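Below is one structure, written out as structure tokens, with a few remarks after it.
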Number of protein chains: 2
Amino acid sequence: MAESGDLESSIIKTFRNSGYRATPQRIAISRYILSTHEHPTAQKVFSEVKKDHPTVSLATIYTTIKALKDMGMLQELNHPQSETRLDPNMEPHLHLICSRCERISDWMDPEMEDFIARVSDEADFVVTGLRFDLKGICKRCRDGGKGDRSLAAAGESSSAKDADYTAVKV
Amino acid sequence: MAESGDLESSIIKTFRNSGYRATPQRIAISRYILSTHEHPTAQKVFSEVKKDHPTVSLATIYTTIKALKDMGMLQELNHPQSETRLDPNMEPHLHLICSRCERISDWMDPEMEDFIARVSDEADFVVTGLRFDLKGICKRCRDGGKGDRSLAAAGESSSAKDADYTAVKV
DNA sequence: CTACTTGCAAACCATTTGCATAATC
DNA sequence: GATTATGCAAATGGTTTGCAAGTAG
């Protein structure tokens with residue numbers, strides 16, 4: 001994972017290489033999305049970025065998301081009756097989605113690529129992208145019982161709350 | 001797979017058992033959704049059902065979809081920038097989604113359940129539902145090159161076009 | 001300097017909802 | 001006959017777009 005300064009210059013390079021201008025808004029938006037593990041919604045990105053760029057608009061959030069997507073830097077996860085969430089992890093991985101606290105955790109499994117390769121082969125289907133979600137109840141919610149839906153609540157940065165259950169086995 | 005009459009009476013029972021009335025509209029909508037393999041959109045269901053029930057409204061399509069979902073008879077698949085598509089297959093399976101012709105095919109794999117059980121165990125996550133999509137190019141589009149996007153075009157029933165590439169290895 | 005971006009507000013569009021009428025049980 | 005469902009039309013809400021003013025290269 002890149003250090004703060006590295007991330008920023010890599011973001012700038014990425015935009016310029018793709019013919020986009022590296023504006024302060026784009027940099028701030030990208031920096032936030034690419035470094036969080038919480039799979040934020042566009043609204044969450046908006047409220048986070050507003051802290052440093054009070055005049056940023058939701059439209060800019062959305063166009064930047066589209067640019068990042070075009071450049072292959074993130075993917076979007078949609079689920080019925082809930083807002084689209086963003087995922088900057090472009091490696092094959094699966095999502096553990098807790099129905100109680102609505103956290104989405106990444107899970108990397110060493111056998112996944114082989115499994116996909118085999119299906120691709122058997123089905124004669126050229127795979128260009130994938131999406132693997134498991135829905136259920138996470139350990140934390142099962143233990144504590146007190147699942148909270150704090151995702152909606154703005155004003156908190158990428159905290160330990162996410163970090164300690166995310167990106168296991170990377 | 002149930003024969004036509006069986007399907008209808010099973011639909012009626014299912015609704016009544018769950019406290020819903022078995023109206024002609026609901027029966028027609030359910031019958032179509034539950035017996036097609038094409039993973040239709042709500043609009044597609046609307047145009048199909050209108051053939052026999054010219055006065056049916058989109059609102060009824062949507063409320064019936066919700067009822068079927070509540071009863072565990074179908075799931076919804078959403079993807080960025082495209083309409084929600086319906087899937088009456090509630091067994092663990094994966095989707096082969098062709099980016100060219102937009103067909104969605106089901107693929108059952110014998111190892112899938114074991115794989116999920118292992119992840120569930122390792123991640124300490126109680127799985128209640130899943131969603132596994134592979135995006136890419138299907139054999140037909142690769143061979144013929146003439147991928148068509150006929151899904152949007154109404155007025156055609158569940159044809160061989162879908163049937164011969166759907167639900168392989170059931 | 002020029003073209004691309006931003007921020008605002010209006011437009012979009014799939015889906016949901018309110019309500020009077022109609023149909024189920 | 002009481003209650004639930006339908007169909008219409010209006011509302012919703014996340015996302016997109018048009019445009020004048022601002023900014024990157």
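Order of the sequence lines sets the chain letters (A, B, ...), proteins ahead of strands, with each chain counted from 1. Since we're looking at a predicted model, the values are computed, not measured.
Considering A:His79, A:His95, A:His93 in turn, A:His95 is the only one that fulfils the ring pair (Phe, Tyr, Trp, His ring centres under 6.0 Å) rule with A:His39.
A 4.5 Å side-chain heavy-atom check between A:Asp143 and A:Arg140 finds every atom pair outside the cut-off. In this structure, the side chains of B:His53 and B:Pro24 come closer than 4.5 Å at one or more pairs of heavy atoms. Side-chain contact check for B:Thr36 versus B:Val45: every heavy-atom pair is 4.5 Å or farther apart. Side-chain atoms of B:Leu94 and A:Phe115, non-hydrogen and from C-beta on, do get closer than 4.5 Å to each other.
Shown for residues 65-80 of chain B: no residue has heavy atoms falling under 4.0 angstrom of DNA chain D. Sorted by residue number, the members of residues 15-23 of chain B with any non-hydrogen atom under 4.0 Å from DNA chain D read B:Tyr20, B:Arg21, B:Thr23.
Checking side-chain atoms of A:Thr84 against main-chain N and O of A:Leu77 turns up no donor-acceptor pair under 3.5 Å. Checking side-chain atoms of B:Arg31 against main-chain N and O of B:Leu7 turns up no donor-acceptor pair under 3.5 Å.
A perpendicular orientation is assigned to the rings of B:Phe15 and B:Tyr20, their planes being inclined by more than 60° (bins at 30° and 60°).
Between B:Leu58 atom CG and D:dA11 atom C1' there is a gap of 15 Å when expressed in whole angstrom units.
Taking a 6.0 Å sphere around NZ of A:Lys69, one finds it holds more than 12 heavy atoms contributed by other residues, nucleotides or ligands.
The side chain of A:Arg26 contributes no N or O atom lying less than 4.0 Å from OP1 or OP2 of D:dA24. Here A:Tyr62 does not reach the OP1 or OP2 of D:dT16: none of its side-chain N or O atoms lies under 4.0 Å away. A close approach under 4.0 Å does not occur between any side-chain nitrogen or oxygen of B:Ser57 and OP1 or OP2 of D:dC8.
Taking the 5' to 3' direction, DNA chain C first and last meets chain B under 4.0 angstrom from a heavy atom at C:dA14 to C:dC25.
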Q) Hey, mind stepping through B:Lys44 and B:Glu83 against salt bridge (Lys or Arg N to Asp or Glu O under 4.0 Å) and telling me if it holds? A) CA-CA 10 Å; B:Lys44 175 76 201 248; B:Glu83 291 167 70; over 6 Å; no
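Figure legend: cation-pi geometry between B:Lys50 and B:Phe46, with NZ or CZ positioned under 6.0 Å from the six-membered ring centre and within 45° of its axis.
Both B:Gln81 and B:Thr55 lie near DNA chain D, and the one whose nearest nucleotide falls closer to the 5' end is B:Thr55.
Contacts of A:Gln25 with the nucleic acid, taken as non-hydrogen atoms under 4.0 Å apart, involve only primed sugar atoms and P, OP1 or OP2.
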